[in-house]
Number of protein chains: 2
Amino acid sequence: MIRLLLAEDQSMVREALAALLSLEDDLDVVAQAARGDEVVPAAREHDVDVALLDIEMPGLSGLDAAAALRTACPGVKIVILTTFGRPGYLRRAMESGADAFLVKDAPAARLAEAVRRVLRGERVIDPVLAAAALADGASPLTAREREVLGAAADGVTNAEIADALHLSQGTVRNYLSLAIQKTGARNRAEAVRTARDKGWL
Amino acid sequence: MIRLLLAEDQSMVREALAALLSLEDDLDVVAQAARGDEVVPAAREHDVDVALLDIEMPGLSGLDAAAALRTACPGVKIVILTTFGRPGYLRRAMESGADAFLVKDAPAARLAEAVRRVLRGERVIDPVLAAAALADGASPLTAREREVLGAAADGVTNAEIADALHLSQGTVRNYLSLAIQKTGARNRAEAVRTARDKGWL
DNA sequence: CCTCCCCCATGACAGATGTCACGGGGGAGT
DNA sequence: ACTCCCCCGTGACATCTGTCATGGGGGAGG
C-alpha cells in the first residue's frame, strides 16, 4: 500500500483529490496539509512514501516545501501539482528535488500513474513543458533588476519603489528599462507578466 | 437520483470533484464540461437537475454560462463554485440567477449539502461574503468604462485599446481617467486590480 | 594591472499617461 | 420641454515612464 501526503490549500479540491486517489486500490492518502509549512511535520509524523504538493499555498510555497522535504526526509518522493505550467516553475521544481511535475489540466489518470512511476525511480515531466523550460534558459536578470521588477507590480509608482529599496528614482528607471529590454516587453507591466510566466521572479 | 452537470476547466480538478460527488448515494454526475460554452448543450442533452459551474473557464465564464442556462433551462438549479470569494462575483452570480455560491476553500461536505438544499428551493450563500457584497455596493462603472478598464490589463497601450474598441485615444484616456477616479486608484494598473477584487470587471 | 560586470547615480529627451474643460448627439424619465 | 446621464470626441497641460549617454565605486578573474 502506497502512503500519500496531499498538500493543497483549497480544501474542496484537496478532499476531492483525496477521494479520487482513494479509488485506486494501491493508494492510501494518510496525511493532508493545507499550508506549505505543514508539509514536513506531516510527512515526519505519518511516514509517507510520496508527497503531492500544490505550488500556490500560504505559509510556504510548494516549491520551497519540496526543498525542505528533500532535506528533511530524503526518501520521500515528491510530485509537484500546479495550476500554472510555467517553465520557470518546472525548472525551480527540478532544482528543489522534485521527481514529477504535473499540471492540473492533465487528465486525472496521470496522477495515480505518476505516483507509481516515481516510486519506481522514474521522473515524470510533460515533454512540452520540459522543452519550453530548456528553451527559455536561465534568467537574464541581475539580482537588483529582479528585485526592482518584482516591486513594480500592480501600478506601484517609481517613487514608491525607490523609497522601498532605498534607491533614487533615476536608478529605478534604469533598472526597469534594462528589465524591460531583457524580457522583450514594452512596459513594466508586460515585463512583470512575462518574467512571472518564465519564472524569473 | 439527483442528476448533476459539472463544469470546470481543469480536468484533474473536475474528475476529482466527480469522484467526490459519486461517493454520495443520491448523487450522479451525468455530464461534464470543460468550457463555459459547453454548459447549455450538455444540460439540454443529459436532462440534469443541478449544474455546478466554475467561474474561471475558457469560452464563456461560469457567470455568463449561468445566465444562459437560466433562460435555456429554467428548471435547472445552479451552483456557482469558485476559487475567489470576491463580493462582486457573488453579486453577479445572484443577478445571473444562481441558487448557490460556494468557494473552493470551504470543506468538501458543503458541496453535496448545497446540491440537496437548492433542490429543496433554498439558497446557499456564505453569510460573510453576502455582507461584504452588500457593503461594497454596486459597481459605479458605466458599461464603457468597464470595457475600457478590462482591456487595459497587463500593459496594453492606449493605442491598442482604442484600436480594439474602435475609439479615439483621447476617449480611451477619458474613460480610464474616470475609472481611476471611481475606483480610488492612482494608475490604470491599480484601478484594474481593485476593480477585479471588487468584482466590477 | 587591466578588464569586465554589477551597483548606483545624474541629466536630458521623447513619448505615454492622467487630468481638465468643453462640446455635440442621443435616450430615459419628469 | 427640460433635465439627466451616458456616449464620443478634441485640445491643452502636467506628470510619469522609458531610453540613452555618462561616470564613479567595487569585486572577480585573467
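Small disclaimer: the values here were computed from a predicted structure and weren't measured. By convention in this document, chain letters (A, B, ...) are assigned in the order of the sequence lines, proteins followed by strands, and residues within each chain are numbered from 1.
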Nucleotide of dT10(C), dA21(C), dG18(D) approaching Asn174(B) most closely (side-chain heavy atoms): dA21(C)
Strictly below 4.0 Å: does Arg188(B) bring a side-chain N or O up to OP1 or OP2 of dG18(C)? yes
With a cut-off of less than 4.0 Å, is there a side-chain N or O of Asn158(B) near OP1 or OP2 of dA16(C)? no
So, are Glu24(B) and Arg116(B) salt-bridged, with charged N and O less than 4.0 Å apart? yes
Please give, in whole Å, the distance from dC6(C) P to Glu145(A) CD? 7 Å
Classify Ala143(B) by what it touches in the nucleic acid, base, sugar-phosphate, or nothing, heavy-atom distance under 4.0 Å. sugar-phosphate
Taking all atoms of both residues into account, what is the closest heavy-atom pair of Arg123(A) and Arg117(A), and its distance? O-NH2, 4.3 Å
How long is the line joining CG of Leu176(A) and C1' of dC20(D), in whole Å? 16 Å
Proximity to the side chain of Ser168(A) - top-ranked nucleotide from dG18(D), dT10(C), dC7(D): dT10(C)
In terms of side-chain heavy atoms of Thr142(B), which of dC8(C), dC20(C), dC7(D) is nearest? dC7(D)
Proximity to the side chain of Arg173(B) - top-ranked nucleotide from dG18(D), dG9(D), dA12(D): dA12(D)
Rounded to whole angstrom units, what separation is found between the CG atom of Leu178(B) and the C1' atom of dG9(D)? 14 Å
dT19(C) OP1/OP2 closer than 4.0 Å to side-chain N/O of Ser177(B): yes
In whole angstroms, how far is the C1' atom of dC6(D) from the NZ atom of Lys182(B)? 9 Å
For dT17(D), does either OP1 or OP2 sit under 4.0 Å from a side-chain N or O belonging to Thr157(A)? yes
What is the distance, to the nearest angstrom, from the CG atom on Asn187(B) to the C1' atom on dT15(D)? 12 Å
Asn187(B) and Arg193(B): side chain donor to acceptor below 3.5 Å: no
Of all pairs that satisfy side chain to side chain donor-acceptor pair (under 3.5 Å), the ones with a partner from residues 169-180 of chain A, not counting sequence neighbours: Ser168(A)-Thr171(A)
Hey, is Arg144(B) close enough to Glu147(B) for a salt bridge, meaning N to O under 4.0 Å? yes
Quick check for you: among dG9(D), dC6(D), dC7(C), whose closest atom lies nearest to any side-chain atom of Tyr175(A)? dC7(C)
From CG of Leu141(B) across to C1' of dC7(D) the rounded distance in Å is 15 Å
In whole angstroms, the gap separating P of dC16(D) from CD of Glu160(A) amounts to 11 Å
What integer distance in Å separates Gln169(A):CD from dT19(D):P? 17 Å
By the 4.0 Å heavy-atom rule, please label Thr171(B) as base, sugar-phosphate, or nothing. base
